[in-house]
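Everything numeric here is computed off the predicted structure, so don't read it as measured data. Naming convention: chains lettered A, B, ... in sequence-line order (proteins, then strands); numbering from 1 in each chain. Scope of the values below: all heavy atoms of this structure, side chains included, with no hydrogens, waters or symmetry mates.
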4 protein chains.
Amino acid sequence: MLNRIILIGRLTADPELRYTPQGTAVARFTLAVNRPYTNQGENEADFIDIVVWQKLAETAAQYLKKGRLTAVEGRLQIRNYENREGKRVRVAEVVADSVRFLDRGESNGTNSGQGRSFADDRHIDINDDELPYSRRNNDPFEGGHIDINDDDLPF
Amino acid sequence: MLNRIILIGRLTADPELRYTPQGTAVARFTLAVNRPYTNQGENEADFIDIVVWQKLAETAAQYLKKGRLTAVEGRLQIRNYENREGKRVRVAEVVADSVRFLDRGESNGTNSGQGRSFADDRHIDINDDELPYSRRNNDPFEGGHIDINDDDLPF
Amino acid sequence: MLNRIILIGRLTADPELRYTPQGTAVARFTLAVNRPYTNQGENEADFIDIVVWQKLAETAAQYLKKGRLTAVEGRLQIRNYENREGKRVRVAEVVADSVRFLDRGESNGTNSGQGRSFADDRHIDINDDELPYSRRNNDPFEGGHIDINDDDLPF
Amino acid sequence: MLNRIILIGRLTADPELRYTPQGTAVARFTLAVNRPYTNQGENEADFIDIVVWQKLAETAAQYLKKGRLTAVEGRLQIRNYENREGKRVRVAEVVADSVRFLDRGESNGTNSGQGRSFADDRHIDINDDELPYSRRNNDPFEGGHIDINDDDLPF
DNA sequence: TTTT
DNA sequence: TTTT
């Protein structure tokens, strides 16, 4: 009924982008999320699989790279399926609805021409109007922007 | 760049529903969120203002009632504005994108005829296709449902 | 570097309580977390394994029961180990540092004599002074309670 | 009953560190949390006040600086008090129990001599044994580290 | 199977 | 009162 997870970690490898037979984009990557420092000195991490769909998948595949510090928001999904050997397999993965990278790119020019959201904030979000699952955290109004401090606000 | 808050508490009063001049629905209510037990024995709580917009506002106004145990997800917004006396006022409120109630209704019949989401799960969400800010946590596919365990999945 | 998950769901069975050879209590249970309503009408859920340690393990084992609506906070842990057949196994589980139940008990008397935290709030937390990993969300002062609205507060 | 907020933003100024009459350290700073990109192009942010106590206050004051990208976890607290003019004032602030900075320091030597948690991970946490409100996310065992993959584990 |  |  409520299932929300927030992670910050580094990509263990570049994302893999694929398409379903129906043409839907899916990207996957793994986040190494370091556990709090243990006195043992060893470097423990949880390696957590992330899945992103559609437009966000393509954007993630384009900008996220191995080693990048990245914040992910989503829900934890436990999938049970039968593999080709007929064995029951349990898979845990985070279905992300928001992905942002937190360190500056290596300035290799890849980001040139990007809008403000990358040049300045380096966040990727699924705020894409044509997407069915689009989430707009910002202003919830359809057309013209409305300042919710307006005197005509009902509260 | 990341701003997420999750609360569970009880409504201090019935929600207030209003409309902007443009006809957009807005609802407000306050959640009393008890702090962890303090040895003093006193019952301390944080009274946190919640705002919900559009379709979710109308649903919240219809089903949430004073005293209901409710879970809210959203972002914390700090608004600065000038009041009618010309004084600078700071307001903190949670703009919710998900609201669910956690206790069964008092069986007063209000919920009869409701779909599964209320009869069984009693969650309200903004999974509404026509909404511009719609967030669909569930299946991110547009048309027909696709089982992501399908063998034709690219991973 | 940041790993936080918040879940609300129902126990699929009573918790199992065990002890390590060193005498440390560990409890495990599974939470069925319903996914947002899908138009298909089917009742999909993620079955998420929860682990709790020490004092919280014993409290959880005592009060949580199959079917109870429960909120859990913790971190997602991915464990890799070799099972008795020498095969590599990956396990995903939530290590909870806070567990609260959200529905009233069935009044079977089990809770009688409980302090306010159960009788009133029905939350379990690891706010236990003698615990090494104790987390106190409430007042961060050691000895006597200090009202942080006190005039002598430095801010 | 549940109150958790996670933020990523930049300090608007260096933290202010003070002490209560009882000698308890308190630090305050403000986080500018940019809202998702609005097509208007304007740069909107929520300016959210953060409070940290005790040891974490001193560490935050030492390492956090104006402009630093920082992740904060805590609870939203609404405080009502009477100011010196006898007026009722409402204050919203996040009481943080975890603070980490996400960008590398400017290598001004301030961090030299730091242990791994700063040199490598640059996270600050309240994992301090002597603190009453200490939260240890890592291994919940007091003395020697126990590998929870050990064969003698009860599950 | 893994990141800094 | 504000950050990049």
Query raised in the report: Below 4.0 angstrom, N of the basic side chain to O of the carboxylate: do C/Asp97 and C/Arg4 qualify?
Result: yes

Query raised in the report: Sequence neighbours excluded, which residues qualify as side-chain contact (heavy atoms from CB on, under 4.5 Å) partners of B/Asp49?
Result: B/Thr30, B/Glu93, D/Arg90

Query raised in the report: Looking at E/dT3, does its base get a donor-acceptor pair with the side chain of A/Asn34 below 3.5 Å?
Result: yes

Report task. Mark this stacking check for A/Phe47 against E/dT1 as yes or no, applying ring centres under 5.5 Å and ring planes under 30°. Result -> no

Value in whole Å for how far the [atom2] atom of [N] lies from [atom1] of [X]:
{"X": "A/Leu64", "N": "E/dT3", "atom1": "CG", "atom2": "C1'", "answer": "13 Å"}
{"X": "D/Leu102", "N": "E/dT4", "atom1": "CG", "atom2": "C1'", "answer": "13 Å"}
{"X": "A/Leu69", "N": "E/dT2", "atom1": "CG", "atom2": "P", "answer": "20 Å"}
{"X": "D/Asp103", "N": "F/dT4", "atom1": "CG", "atom2": "P", "answer": "11 Å"}
{"X": "D/Leu11", "N": "F/dT2", "atom1": "CG", "atom2": "C1'", "answer": "11 Å"}
{"X": "C/Glu82", "N": "E/dT1", "atom1": "CD", "atom2": "P", "answer": "9 Å"}
{"X": "B/Arg88", "N": "F/dT1", "atom1": "CZ", "atom2": "P", "answer": "5 Å"}
{"X": "D/Lys65", "N": "F/dT3", "atom1": "NZ", "atom2": "P", "answer": "17 Å"}

Query raised in the report: Which part of the nucleic acid, if any, lies within reach of B/Arg90 when heavy atoms closer than 4.0 Å are counted: base, sugar-phosphate only, or nothing?
Result: base

Report task. May I ask you to say what D/Ala13 touches in the nucleic acid, namely base, sugar-phosphate or nothing, with a heavy-atom cut-off under 4.0 Å? Result -> nothing

Report summary line: Against the side chain of D/Ala32, the closest entry in E/dT1, F/dT1, F/dT3 is F/dT3

Requested in this report: Could you please name the option among E/dT3, E/dT2, F/dT3 that lies closest to any side-chain atom of D/Ala45?
Outcome: F/dT3

Query raised in the report: Can you check whether D/Ile78's main-chain N or O pairs, donor with acceptor, with B/Asp46's side chain at less than 3.5 Å?
Result: yes

Report summary line: Sorted by chain and residue number, the salt bridge (Lys or Arg N to Asp or Glu O under 4.0 Å) partners of C/Arg88 (sequence neighbours excluded) come out as C/Glu82

Report task. Please assess C/Leu7 against C/Ile50 for the test side chain to side chain contact (heavy atoms under 4.5 Å, CB included), listing each intermediate value before the final yes or no. Result -> CA-CA 10 Å; C/Leu7 303 168; C/Ile50 314 290; 4.0 Å; yes

